[in-house]
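All remarks here apply to the structure that follows.
Every chain is numbered from 1 and lettered A, B, ... according to where its sequence line falls, protein lines coming before strand lines.
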Amino acid sequence: MRPLLRRESVLPGFSLSLGVTSAFLGLLVLLPLAALAVKAASLGPAAFWATVTDARALAAYRLSFGASLAAAALNGLFGLLVAWVLVRYPFPGKRLVDALVDLPFALPTAVAGITLTTLYGPNGWIGRHLEPLGLKVAFTELGITVALTFIGLPFVVRTLQPVIEEMGTDAEEAAASLGAGRVQALWRVVLPTLLPAWLTGVTLALSRALGEYGSVVFIAGNMPMQTEIAPLLIMTRLEQYDYAGATAIALVMLFASLLLLLAIGTLQAWSVRRSLGEAAS
Amino acid sequence: MSAIVAARRAQPLTRAALSASEDSRPVRLALTAAALGFLGLFLFLPLVAVFTEALSKGGEAWVAAVSEPEARAALWLTLKVAALSVPLVTVFGVAAAWLIARFDFRGRRLLLALIDLPFAVSPVIAGLVFVLLFGRQGLFGPALAEHGVKVIFAVPGIVLATLFVTLPFVARELIPLLEAEGRDEEEAARTLGASGFQMFWRVTLPNIRFGLLYGVILANARAMGEFGAVSVVSGHIRGLTNTLPLHVEILYNEYRFQAAFAVASLLAFLAIGTLVAKALLERRIGGSR
Amino acid sequence: MSIEVRDIHKRFGNHQALAGVSLKVETGSLVALLGPSGSGKTSLLRIIAGLERPDAGQVLFAGEDATRQDARHRRVGFVFQHYALFRHMNVFENVAFGLRVRGRATRPSEQDIQGRVRELLELVQLGWMADRYPSQLSGGQRQRVALARALAVEPRVLLLDEPFGALDARVRRQLRAWLRGLHDKIGLTSVFVTHDQEEALSLAHRVAVLNDGRIEQEGTPDDIARRPATPFVADFLQAEPVAICHAAQ
């Protein structure tokens, strides 16, 4: 009998790398997440259900999902634009701009949070011009969406960029030679090609936005029922030593994250299948 | 049929100087302007704002803010946490990438999903799970308290939470790199008599060194900048369990805005350094492929 | 040193790569494994080298069972299809690698390593290239560096995977004649894999034609060309009639 996991290979280090990997994942990921499940189970089904469906929690989910979806949609639009411009059009300072796209990955979220709050606050560089128009951003849902757009931006750009590069211009030229206008070529050839990667990027941005905390708490206002996102509600419950309540809401959010992770995996598989299919043909 | 012919014939007239995949100049300019405008508003302006606010009361105020004892303690703790967690994440990343990219075994896909999992979990939940394990009411809390070991509201908890959120970074960089490199050179080293250690040290590592460095830099940026997860486990004890991002929050909540931005500007420097290193390394990694 | 494989089976997932292959390679001979892609020829070569483990069957070197022996202890020289040169090492260091990784007890002195590597680079006519990196070499030069590197460890047998596959036609012919000359000179037992019948028939002492994980026919180039044993062999050779004429001459 062969051992359960092993496939024989001439390369060494299987046992060692399996051991190290399993130890880290077990102690740092599986054990802690199991603790979450154990704690939630201790609550009992009725109390669990009551906790995860109370009005304040429902309002928090609504806000978190709503603002995250809005931010992901904005990123879908502008991310496509930015990726297209970065790959296709020459302009001075392109490498600098390209590097800047990763800023939300590199800038600590707390710094992003206080900066956006200051910019969009009533006296801020941007907020001051929006206030007279009757547009309040900081401490409203709008502000939350702005922060979530900021942190989600690189995901769409970075998943689309390589696909646009790899796509080349062959298909567009073929479409044009077959009599398609430029808009038709973009709509019928380019966009369908980019679709799997675009959806992947948008879902990644959505997934990041749902869990985001640091950049949002400062700009959110944090009024229960109104501007309190789900991660903040978990935090609030914790600060009140309501560990079971925090855990129950965390479990709901974790479940949503896992579903999104599954969606991302499926989208990526689709994306890979598509590009392989094209390479083969 | 005739319509197609007509369209084909019409094409050179309407799109005279452009190849079929080029957009006209006004379209190009408009789209470029829109993209740059968006990036300027959403990315560049905040970056400028951090430094403007940090220096709003002059250089002396900036120096005073970053050199007060609590800021220094926060900086020291941030460096300490990164120094403890990044090497561990690197060891994990190399081992996991080797395992995933070089072996085919049952459970491989599950393992890959687990490696990615911390990216999908909210930082707040990442902190919460360690409170549930090691907090006073936690599973191991009472046992730890008996032996006088403090994990939550102490440095070990901060390191654990940081490890959780940075775990995938190095592995995620190395897996595609190792897969793209292929195993030929390593097999060649084996047939030439190299031991496992010699093969790794002399062949594998030199080939992945830029990718490894890249992953380490990303993990380090996240380790030093993590806020949510660390916020849950730290307890915000000034001078003891405050990292730089937490110190920024405290200053901000005390309405000491300039001081908050001064400390934040340190973290923004870290971000800029990370971006520069990333841009430089991306060329090297691209070049060696 | 002679090589023998006995009733080798190998399966990758659902694909039966080798289904009972037996073959004897006499000491000092040059043998070609010929077949279409997917016929199992490369798998067989990798199993001889210890780069894959067979599911069943035996590999014997000079009559001794080496089936479970680790690749690093087999002392086979393996030349990879795409050469697998170490990109971050120059030509000299590539060739010296096998000597440098030896244990303290058997490692030659630095002076001996220098001498041995220079000698090998002269043998493959690349003495002047020692400081170049693989990316600065042509395909034919890389091939010869790969060969020198494999020979540096004084292998007991030489195994080559599609040695001319990645080269253009002119270089291929030159290198082929040169390799035959080299083999005649050093007399090392050698096995190479190819999908090109002309290459197999004109270069090897003996040819084994593989199809679908089995050996269809094994014999001298003359046997194979004049008396194909199975319809597959006849069909496979007919694909390029010129080759047969050439070999038959």
> Considering residues, nucleotides and ligands other than B/F51, do more than 12 of their heavy atoms fall under 6.0 Å from its CZ?
Replying inline: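 Atom CZ in B/F51 is packed in, count exceeds 12.
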Side chain, backbone, both or neither: which part of [X] has an atom under 4.5 Å from a heavy atom of chain B?
X	result
C/R149	both
C/F86	both
C/L159	neither
C/A150	backbone

Could you tell me the separation between the [atom1] atom of [X] and the [atom2] atom of [Y], rounded to the nearest 0.5 Å?
X	Y	atom1	atom2	value
B/T191	C/R74	OG1	CZ	11.5 Å
C/F12	B/D104	CZ	CG	11.0 Å
C/N94	B/E185	CG	CD	8.0 Å

>> Can you tell me which of C/R102, C/Q81, C/R100 forms the most heavy-atom pairs within a distance under 4.5 Å of chain B?
In response: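 Among C/R102, C/Q81, C/R100, the one with the most close pairs to chain B is C/R100.
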> Is B/R202 salt-bridged to C/E93, going by a charged N under 4.0 Å from an acidic O?
Replying inline: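 No salt bridge links B/R202 with C/E93.
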>> Going by ring-ring contact (aromatic ring centres under 6.0 Å, His included), name the residues that satisfy it together with C/Y83, two or more places apart in sequence or in a different chain.
In response: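 Applying ring-ring contact (aromatic ring centres under 6.0 Å, His included) to C/Y83 gives none.
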>> Only heavy atoms, only distances under 4.5 angstrom. Which residues in residues 22-36 of chain C are near chain B?
In response: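 Listed by number: none.
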> Just by distance, do the side chain of C/R72 and the backbone of B/A194 share a donor-acceptor pair under 3.5 Å?
Replying inline: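 Answer holds: yes.
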Identify the heavy atoms of [X] and [Y] that sit nearest to each other, and give their distance.
X	Y	answer
C/D70	B/R190	OD1-NH2, 3.3 Å
B/D184	C/A84	CB-CB, 3.5 Å
B/Q198	C/V101	NE2-O, 2.8 Å

